[in-house]
K.L.:
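Quick one: the structure is below, questions incoming.
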Amino acid sequence: MRIDKRRVAQVALELLREEGLDKLTVRRVATALGVKAPALYWHFADKRALLDQMTELMLGPVVAGLGGPGPAQPWWLWLERSCDELRRGLLAHRDGARVALGADVTRALALGGFVERVTAVLHETGFELADASRAAGALTHFVIGRAVEEQSRPAPDAELAMVSDERFPFPTLARALRERHASGRTADEDFHYSLTLMLTGLRVLHEDSSRQPAGG
């Protein structure tokens with residue numbers, strides 16, 4: 001049978017949902033497709049190449065819908081929405097963030113497209129191109145890393161029990177986490193708090209550069 005990369009990635013995402021990333025192998029995907037593993041290695045040199053194709057499939061719809069800031073929309077609100085969409089695209093799949101972690105953006109084109117679009121928006125709003133690309137990379141790495149943490153974190157009840165145990169080695173962190181649990185703050189709120197820190201920093205840098213005299 002003819003092997004289509006998109007079909008392979010779809011089957012791999014189905015296996016990911018059922019069994020998780022640790023049990024996902026090229027051989028298992030080949031078995032699910034009814035072919036021998038060498039048939040897939042013709043298209044995917046290794047598991048990372050397969051993960052990149054899966055990342056492309058997961059995030060393609062996210063990047064396709066990004067667009068750019070509207071006429072009256074501040075650039076930082078567009079960034080907030082875009083980062084939130086990236087996070088949701090990763091969290092929509094079991095271990096999705098780990099799949100995207102370390103992706104080669106020349107193969108995971110949707111992820112590369114996200115970085116490209118954010119870089120362009122930041123540059124258009126006044127950041128030097130090099131700084132715009134550094135900021136876009138930092139935001140992308142933050143979102144992926146944060147999503148990895150969310151998908152690896154214990155369930156709320158288990159985490160609360162862990163930090164309530166007197167043997168937990170970090171007393172200040174334990175108290176802070178207990179307070180956060182008591183407040184009822186959600187993972188969405190935690191994410192947006194951290195993202196706001198980054199966006200506020202970018203806004204300050206942007207304002208500082210705008211006040212610089214020409215040639216200064």
Side-chain angles (χ1 to χ4, degrees), residues 6 9 13 51-151 153 180 183-216:
R6 183 178 179 85
L13 286 175
L51 295 180
D52 290 343
Q53 188 65 33
M54 294 166 65
T55 301
E56 170 69 11
L57 198 60
M58 288 191 303
L59 299 182
V62 172
V63 176
L66 282 185
Q73 183 182 34
W75 57 269
W76 60 88
L77 292 183
W78 178 86
L79 277 178
E80 181 179 33
R81 178 180 67 82
S82 299
C83 288
D84 193 47
E85 289 297 320
L86 177 61
R87 170 177 169 263
R88 292 182 186 281
L90 296 168
L91 295 181
H93 302 269
R94 178 179 178 180
D95 294 334
R98 288 176 59 202
V99 169
L101 190 66
D104 180 342
V105 296
T106 65
R107 294 185 303 218
L109 296 177
L111 186 59
F114 180 87
V115 179
E116 168 81 4
R117 191 74 200 99
V118 171
T119 300
V121 167
L122 287 171
H123 184 46
E124 289 162 6
T125 203
F127 285 89
E128 295 289 337
L129 184 58
D131 289 341
S133 69
R134 291 162 65 189
L139 286 167
T140 304
H141 293 149
F142 162 71
V143 174
I144 295 174
R146 180 73 192 191
V148 168
E149 180 183 347
E150 286 189 54
Q151 292 187 316
R153 197 169 176 175
R180 286 164 61 180
S183 72
R185 290 191 179 93
T186 65
D188 284 348
E189 291 171 320
D190 287 345
F191 170 77
H192 282 283
Y193 178 83
S194 299
L195 180 60
T196 296
L197 296 179
M198 299 188 72
L199 296 180
T200 300
L202 283 175
R203 290 177 66 182
V204 170
L205 290 174
H206 183 264
E207 290 167 5
D208 286 348
S209 65
S210 298
R211 287 194 290 265
Q212 290 284 342

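Keep in mind that what you see is a predicted model, and the values were worked out from it rather than measured. In what follows, residues are counted from 1 in the order of the sequence shown.
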K.L.:
Check whether any side-chain heavy atom of T55 lies under 4.5 Å from a side-chain heavy atom of M58, and answer yes or no.
P.N.:
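A side-chain contact exists here, since the closest heavy-atom pair is under 4.5 Å.
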K.L.:
Any side-chain heavy atom of V148 within less than 4.5 Å of one from L90?
P.N.:
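The answer is no; the side chains never approach within 4.5 Å.
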K.L.:
Can you find a pair of side-chain heavy atoms, one from F114 and one from V105, that are under 4.5 Å apart?
P.N.:
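Side-chain contact under 4.5 Å: no.
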K.L.:
In Å and rounded to the nearest 0.5 Å, what is the CG to SG distance from L199 to C83?
P.N.:
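One gets 6.5 Å once the value is rounded to the nearest 0.5 Å.
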K.L.:
Between the main-chain N or O of R6 and the side-chain N or O of E56, is there a donor-acceptor pair closer than 3.5 Å?
P.N.:
no
K.L.:
Return the minimal non-hydrogen interatomic distance between G60 and A110, and the atom names on each side.
P.N.:
N-CB, 3.6 Å
K.L.:
Could you measure the distance from the OH atom of Y193 to the CZ atom of R185? Nearest 0.5 Å is fine.
P.N.:
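Between Y193 OH and R185 CZ, I get 8.5 Å after rounding to 0.5 Å.
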K.L.:
Drop me the distance from L109's CG to D104's CG, to the nearest 0.5 angstrom.
P.N.:
9.0 Å
K.L.:
Taking A97's backbone N and O only, do any of them form a donor-acceptor pair with Q151's side chain (distance below 3.5 Å, no angle check)?
P.N.:
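Pair found, side chain donor or acceptor close to backbone of A97.
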K.L.:
Is there a donor-acceptor contact under 3.5 Å from the side chain of R81 to the main chain of L66?
P.N.:
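Such a contact is found between R81 side chain and L66 backbone.
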K.L.:
Output yes when a side-chain donor or acceptor of H141 lies under 3.5 Å from a complementary backbone atom of G137, and no otherwise.
P.N.:
yes
K.L.:
Taking V115's backbone N and O only, do any of them form a donor-acceptor pair with T119's side chain (distance below 3.5 Å, no angle check)?
P.N.:
yes
K.L.:
Sub-3.5 Å donor-acceptor pair from the side chain of T125 to the main-chain atoms of L122, do we have one?
P.N.:
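Flag not set: sc T125 to bb L122 has no pair under 3.5 Å.
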K.L.:
Find out whether L195 and L139 are in side-chain contact, i.e. whether some heavy atom of one side chain is under 4.5 Å from a heavy atom of the other.
P.N.:
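Answer yes - side chains close enough.
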K.L.:
Let me confirm one number: the CG-CZ distance from D131 to R134, rounded to the nearest 0.5 Å.
P.N.:
5.0 Å
K.L.:
So, W75 versus H206, ring centres under 6.0 angstrom or not?
P.N.:
yes
K.L.:
Would you find more than 12 non-hydrogen atoms of other residues, nucleotides or ligands less than 6.0 Å from E116 atom CD?
P.N.:
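No, not enclosed.
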K.L.:
Tell me, yes or no, whether the heavy-atom count around E128 atom CD, taken from other residues, nucleotides or ligands under 6.0 Å, exceeds 12.
P.N.:
no
K.L.:
Just do the side chain to side chain contact (heavy atoms under 4.5 Å, CB included) check on T140 and V118 with the steps written out, would you?
P.N.:
CA-CA 9 Å; T140 304; V118 171; 5.7 Å; no
K.L.:
Do you know the tightest heavy-atom contact between S194 and R146?
P.N.:
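Closest approach of S194 to R146, heavy atoms only: OG-NH1, 3.9 Å.
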K.L.:
Under the salt bridge (Lys or Arg N to Asp or Glu O under 4.0 Å) rule, what pairs show up with a residue in residues 186-197, not counting sequence neighbours?
P.N.:
R87-D188, R88-D188, R180-D190
K.L.:
Could you tell me whether a side-chain N or O of R117 sits under 3.5 Å from a main-chain N or O of G67, the two making a donor and an acceptor?
P.N.:
yes
K.L.:
Could you grab the distance from atom CG of D52 to atom CG of L111, nearest 0.5 Å is fine?
P.N.:
9.0 Å
K.L.:
Determine the minimum heavy-atom distance between L202 and F127, stating which atoms define it.
P.N.:
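In this case the closest contact between L202 and F127 is O-CZ, 3.4 Å.
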K.L.:
To the nearest 0.5 Å, how far apart are CG in L91 and CG in D84?
P.N.:
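Taking CG in L91 and CG in D84, the distance rounds to 9.5 Å.
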